[in-house]
Amino acid sequence: MTNAIRAGRRKFYDDEHFSGGIERSGFFTISEADFLVEYGDTLNGLSSGSMQPETLVESEFVACMQSGIMSNSYEVKLWRKYLKAIHSVTHRASASSSRTEQKYSLESYDEA
């Protein structure tokens, strides 16, 4: 697969959300996990605004992520799947001795 997205400056592991590794999370196929590890740093920077797009594909990625429009782009679909995965994890919060579960769901994100 040729790619017009530049590789990340470093490997993207997201230990905060996937302490066992993206590839072992069960959310992604092997090829999706490999793609996220290689290009996730760039996709994260582009979607957060900390990086500026340098190619047409990167500009289209930013436009799709900012506007929320549907796209057939592999990068957009996979990044939305990643966002859905990190927001669908069950979080526990406690205000007292009892625990309550909060589940976040972003059904607006489509699968890659």
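Residue numbers count from 1 along this sequence. Note that the coordinates shown come from a computational prediction; the quantities given were computed from them, not determined experimentally.
- Residues F18 and I86 meet the side-chain proximity criterion, which asks for heavy atoms closer than 4.5 Å.
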Worksheet entry | Evaluation steps, side-chain contact (heavy atoms from CB on, under 4.5 Å), between N72 and K77 | CA-CA 7 Å; N72 287 330; K77 287 183 176 184; 3.8 Å; yes
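- The side-chain heavy atoms of H17 and Y82, taken from C-beta on, include a pair separated by under 4.5 Å.
- Atom CG of L78 and atom CG of L43 lie 7.5 Å apart (nearest 0.5 Å).
- Listed by first then second residue, pairs satisfying salt bridge (charged side-chain N to carboxylate O under 4.0 Å, His left out) with a partner in residues 35-44 read R9-D41, R10-D41, K11-E38, not counting sequence neighbours.
- Side-chain contact between N44 and W79 is present, with heavy atoms from C-beta onward closer than 4.5 Å.
- For I69, the side chain to side chain contact (heavy atoms under 4.5 Å, CB included) partners two or more places apart in sequence, or in a different chain, are C64, S67.
- Ring orientation note: the planes of F35 and Y74 are nearly perpendicular, at an angle over 60° on the 30°/60° scale.
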Quick one: side chains of residues 24-31, donor-acceptor pairs under 3.5 Å with protein atoms, not counting sequence neighbours, listed by atom name and distance.
from	atom 1	to	atom 2	distance (Å)
S25	OG	I22	O	2.9
S25	OG	F27	N	3.2
T29	OG1	S31	OG	3.3
T29	OG1	E32	N	3.2

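- Scored by the side chain to side chain contact (heavy atoms under 4.5 Å, CB included) test, E58 finds I5, R6, T42, L46, P53, E54, T55 as partners (sequence neighbours excluded).
- Between S71 and F61, every side-chain heavy-atom pair lies at or beyond the 4.5 Å cut-off.
- Under the 4.5 Å side-chain contact rule for hydrophobic residues, L83 and Y39 share a cluster.
- Checked against side-chain hydrogen bond (donor to acceptor under 3.5 Å, both in side chains), S19 has no partners two or more places apart in sequence or in another chain.
- Applying the side-chain hydrogen bond (donor to acceptor under 3.5 Å, both in side chains) test to S73 and every residue at least two apart in sequence or in another chain returns E75.
- Under the 4.5 Å side-chain heavy-atom criterion for grouping Ile, Leu, Val, Met, Phe, Trp and Tyr, V37 is not connected to F12 through any hydrophobic cluster.
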